[in-house]
Amino acid sequence: MSALTKLKAEIAKAIKKLTGQDVEPKTLTLSSTRKEFEGDYTLLVFPLARYFGKSPEEVGKLIGEELKANSTIVDDYNTIKGFLNLSFAPEYWTDTLTAINTTEDFGKGSHKDKRVMVEFSSPNTNKPLHLGHIRNILLGWSVSKIMDAAGYEVITTQVVNDRGIAICKSMLAWEKWGNGITPENSGKKGDFLVGDFYVKFNTEFSKEYSDWQNSKEAEAVFSNQNEIPDKAEFFAEYKNDYFNEYSKLGSEARQMLLKWENKEPKTMELWKNMNTWVLNGFDQTYDKLGVRFTKSYFESETYILGRSIVEEGLEKGVFYKEKDGSIWVDLTDANMDKKIVLRSDGTSLYITQDIGTAELRYKDFNTEKMIYVVGDEQEYHFKVLFEIMKRLERPYANDMYHLSYGMVELPTGKMKSREGKVVDADDLINQMTLEAKANAEEKGVIDDSSDEERNEIYRKIGMAALKFFILKVNPKRRMIFNPEESVDLQGQTGPYIQNAYVRIKSIMRKAKGTYDFNDIRGYKDFNSHEKNLITTLSNYPNTIQQAAEEYEPSAIANYVYDLAKKYHKYYSEIRILGTEDKSARNFRLALSYSVAQILKSGMDLLGIEMPERM
RNA sequence: GGUCCCGUAGCUCAGCUGGAUAGAGCAACUGACUUCUAAUCAGUAGGUCACAGGUUCGAAUCCUGUCGGGAUCACCA
């Protein structure tokens, strides 16, 4: 039991003694005292005044007096209006620090008997990963780390969309214009190579389309409109219909999809090859991002799943059949629409697959809790999915969560992969490392490291800047990313936090063998920074729990920044190694050591690595 | 039109279940490296918390409405 929980119990006891009223200790609000007032922690007495029938100020005095007399933690108190400011005994600070210092994995939550699955990334195999994926991946990875720290057992998965018309477009373009190029014979990273052909298909298709617009066929289509719209506007909107009805390339792509579905050997071979190229490329990117999946699911293998569950739902009366044979679910009573779950020709839809994969994962890993990291444009889809799973009475249905995040946009607007208007993940990662390098060389700091060590440091710094930049923001916010102005390396950033850590590491190297963390209790004359830091450190476990409950990496990011900021300030004002008094010096080193540990641990929850020097 | 998300300093964002005078960073300007790593620290300036009501001892926070931005409402994924 932490000292603060103990104190709350003592306060509840005091209230009981003074009024006979039972108060749940958890309902008491105890927060650290604002710096302009005397005291360490503040109890809000407004809500308690009604038990006493006295003014908040008087109540505060009564409770304060009682605590001062009987609490081992509280040394003194003062009241201002309805605020009871409590000052703690010196032992509170040293003992709390020692507890933090000696607890292994301080902050980690108690074991929860539940497996959580976090699904994220979920790329298509027709193009490389881009900035949008980066936000998704960083969020997913961080949430999985946070859930793990909160005490869950975590399974990470991705669902790879490796089938469908988009992939066929890349395949067709490669067949037509590829001249047998491969990653091996060209030296080009596989996902980029395939992505190039996806763009190639679309530029060729656009050419074909604009040529067609001058044809008699097009003229006929246009003049057939009931209302005569603006011609340019009409053709801009008609592109998709053209693809399906008139386009030569479109029909070739659809034929390829048909061949794929019939498992035509030559097509299968091409498909397998190109997928392997892309997936190898993805693995390299995941590696650079420091992300791993317990298991990958492939839509080519899972897209048929879900049909048997639809059958089951039909029997149970959860779904119903239309005359044309299509199967639907009616969610109007839950404030949603009717939704089709199986086509009239018996083939699956997106939702059918998701029903199937949820079930498959439950069978594979017995995951009772599932978190889907997917963009906010799919909120409705997941609302529907979760409602369906509830109606199908799946054991995991009540613990499914859509971690929805806002789109990442460029200053010029939305990214469009088919036009090649994207920020590629790999480019961005490299750019960040280069920027960290340029910045460091300008400063000329890192001393006697080898080139290899230095590059490793630059990579860590660059990645920290990128990751922190993205994770510090509430996921729900849309964000505009400007690749030119790029990500800062100073201020509220990843490197700022790394820098605090590096400073401590440097101190610890210099202090080696000259201190004893067990000898700190003699120190009593704490300054406000020291109390402040210990208070912040002891909030770490709560922060983790809260971040886990709300699926919110930004809570960790803000915490870690706050801690680093407080330490930087402390560092600039107090000379730690120069401290004369032995127990004070031990205390300060112990405090610094703990700060470093928590900074490292917290950054790890964001998927950010710490360099030992920079 | 229905539903959901967002709106806080010039810009990017914090602000926990309602609590004391709304906080950081960037950009601008001033200072601080012979002293544990200056990717730092200190300071100046910058606010009608979109707007209007309501709830109460007390509202950026909760409720209602309005306005602005976005998403979504396919036998696409």
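Here is how names work: the chains are called A, B, and so on, in the same order as the sequence lines, proteins then strands, and each is numbered from 1.
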* B:rU72 C1' sits how many Å from A:Lys339 NZ, rounded? -> 11 Å

* **A:Ser142 side, atom OG; A:Ile556 side, atom CD1 - distance, nearest 0.5 Å** => 7.0 Å

* With C1' as the reference atom in both, quote the distance from B:rG15 to B:rG7 in angstrom, rounded to an integer. => 15 Å

* Would A:Asn474 and A:Ser554 count as having a side-chain donor-acceptor pair, cut-off 3.5 Å? -> no

* **Rounded interatomic separation in angstrom, taking CZ from A:Phe243 and P from B:rC76** => 14 Å

* **Nearest-Å distance once atom P is located in both B:rU55 and B:rG69** => 32 Å

* **Separation between CG of A:Leu537 and CD of A:Gln597, rounded to the nearest 0.5 Å** => 11.0 Å

* Structure fact -> With syn defined as a glycosidic angle within 90 degrees of 0 and anti as anything else, the base of B:rC49 is anti

* **Between A:Tyr567 and A:Ser592: side-chain donor-acceptor atoms closer than 3.5 Å** => yes

* Geometric cation-pi criterion A:Lys582 and A:Tyr515, 6.0 Å radius, 45° cone -> no

* Could you measure between the two P atoms, the one in B:rC6 and the one in B:rU64, and give it in whole Å? => 14 Å

* Value in whole Å for how far the C1' atom of B:rA38 lies from OH of A:Tyr496 -> 12 Å

* Determine the Euclidean distance between corresponding C1' atoms of B:rG54 and B:rC11; express it in Å to zero decimal places. => 34 Å

* Are the side chains of A:Asp40 and A:Thr535 in touch, meaning some heavy atoms are under 4.5 Å apart? -> no

* Structure fact -> In numerical order, the residues of residues 502-514 of chain A whose heavy atoms come under 4.0 Å of RNA chain B are A:Val502, A:Arg503, A:Ser506, A:Ile507, A:Lys510

* Asked: Should A:Glu58 and A:Lys61 count as an ion pair when the cut-off is N to O under 4.0 Å?
  -> no

* In Watson-Crick or G-U wobble terms, both distances under 3.5 Å, what is the partner of B:rC33? -> none

* Asked: Is the shortest distance from a Lys or Arg side-chain nitrogen in A:Asp581 or A:Arg585 to a carboxylate oxygen in the other one below 4.0 Å?
  -> no

* To the nearest angstrom, how far is A:Tyr571 atom OH from B:rA32 atom C1'? -> 14 Å

* **B:rA38: pairing nucleotide in any strand, Watson-Crick or G-U under 3.5 angstrom** => none

* Asked: Relative to the 5' end of RNA chain B, which residue comes earlier, A:Ala436 or A:Ser554, by the nucleotide with the nearest heavy atom?
  -> A:Ser554

* To do: Please round to the nearest 0.5 Å and tell me the distance separating atom CD1 of A:Ile457 and atom CE of A:Met614.
  => 9.0 Å

* Output the residues of residues 319-329 of chain A in contact with RNA chain B, where contact means a heavy atom of the residue under 4.0 Å from an atom of the strand; sort by number or write none. => A:Asp324, A:Ser326

* Determine the Euclidean distance between corresponding C1' atoms of B:rA60 and B:rG19; express it in Å to zero decimal places. => 13 Å

* What one-letter contact string describes nucleotides 17-26 of chain B from 5' to 3', where B marks a base within less than 4.0 Å of any protein heavy atom, S marks contact via sugar-phosphate atoms alone, and - marks no contact? -> --BB--SBSS

* Could you write nucleotides 3-10 of chain B as a row of B, S and -, 5' to 3', where a protein heavy atom under 4.0 Å of any base atom gives B, of only sugar-phosphate atoms gives S, and otherwise -? -> SSS-SB--

* Residues forming a side chain to side chain donor-acceptor pair (under 3.5 Å) with A:Asp376, sequence neighbours excluded -> none

* Flag the pair A:Glu57 and A:Lys81 as a salt bridge only when some basic side-chain nitrogen lies within less than 4.0 angstrom of an acidic carboxylate oxygen. => no

* Looking only at atom P, what distance separates B:rA39 and B:rU34, rounded to whole Å? -> 15 Å

* Asked: When rounded to the nearest 0.5 angstrom, what distance separates CG in A:Leu86 from CG in A:Asn78?
  -> 8.5 Å

* **Candidate nucleotides B:rC41, B:rA39, B:rA71, ranked by approach to the side chain of A:Glu377 - the nearest** => B:rA71

Run the side-chain donor-acceptor check on residues 540-549 of chain A: report pairs under 3.5 Å with partners two or more places apart or on a different chain.
residue: A:Tyr540; atom: OH; partner: A:Ser601; partner atom: OG; Å: 2.5
residue: A:Tyr540; atom: OH; partner: A:Gly602; partner atom: N; Å: 3.3
residue: A:Thr543; atom: OG1; partner: A:Asn539; partner atom: O; Å: 2.8

* Asked: So what does A:Tyr380 hit on the nucleic acid, given a heavy-atom distance under 4.0 Å: a base, only sugar-phosphate, or nothing?
  -> sugar-phosphate

* Asked: Which nucleotide, in any strand shown, forms a Watson-Crick or G-U wobble pair with B:rU72, with both distances under 3.5 Å?
  -> B:rG2

* Using a cut-off of less than 4.0 Å, is there contact between a side-chain N or O of A:Tyr559 and OP1 or OP2 of B:rC16? -> no

* To do: Examine B:rA39: is either OP1 or OP2 under 4.0 Å from a nitrogen or oxygen in the side chain of A:Tyr458? Give yes or no.
  => no

* Asked: Which value, rounded to the nearest 0.5 Å, describes the distance between A:Ile507 atom CD1 and A:Tyr571 atom OH?
  -> 5.0 Å

* To do: To the nearest 0.5 angstrom, please state how far the OG atom of A:Ser121 sits from the CG atom of A:Asn136.
  => 6.0 Å

* To do: Side chain of A:Glu299 only, please: which of B:rA14, B:rA77, B:rA39 is the nearest?
  => B:rA77

* Base, sugar-phosphate alone, or nothing: which one does A:Ile574 contact when heavy atoms must sit under 4.0 Å apart? -> base

* **Whole angstrom value for the distance that separates P of B:rA39 from CD of A:Glu442** => 11 Å

* Asked: Between A:Tyr242 and A:Phe205, does the ring centroid distance fall short of 6.0 Å?
  -> yes

* When we call it a touch if two heavy atoms are under 4.0 Å apart, what does A:Leu349 touch: a base, just sugar-phosphate, or nothing? -> sugar-phosphate

* Whole-Å gap separating P (B:rA39) and CD (A:Glu441) -> 15 Å

* Taking the same atom, C1', in B:rG46 and in B:rA38, what whole-Å distance lies between them? -> 26 Å

* P atoms of B:rA50 and B:rU44, separation to the nearest Å -> 26 Å

* Whole angstrom is fine here: how far is it from CG in A:Asn482 over to P in B:rC13? => 12 Å

* Nucleotide nearest A:Met479 when distance is taken to its side chain, options B:rA74, B:rC13, B:rA39 -> B:rC13

* Sort out the partner of B:rU12 for me: Watson-Crick or G-U wobble, both distances under 3.5 Å, none otherwise. => B:rA24

* Asked: Counting only Watson-Crick or G-U wobble pairs whose two distances fall under 3.5 Å, which nucleotide matches B:rU55?
  -> none

* To do: Find the distance A:Lys338:NZ to B:rC75:P and express it as a whole number of Å.
  => 13 Å

* Asked: Is the NZ or CZ atom of A:Lys127 both under 6.0 Å from the centre of the six-membered ring of A:Tyr198 and within 45° of that ring's axis?
  -> yes

* Earlier contact from the 5' end, RNA chain B, for A:Ile351 and A:Met407 -> A:Met407

* To do: Side chain of A:Ala440 only, please: which of B:rC36, B:rU40, B:rA39 is the nearest?
  => B:rA39

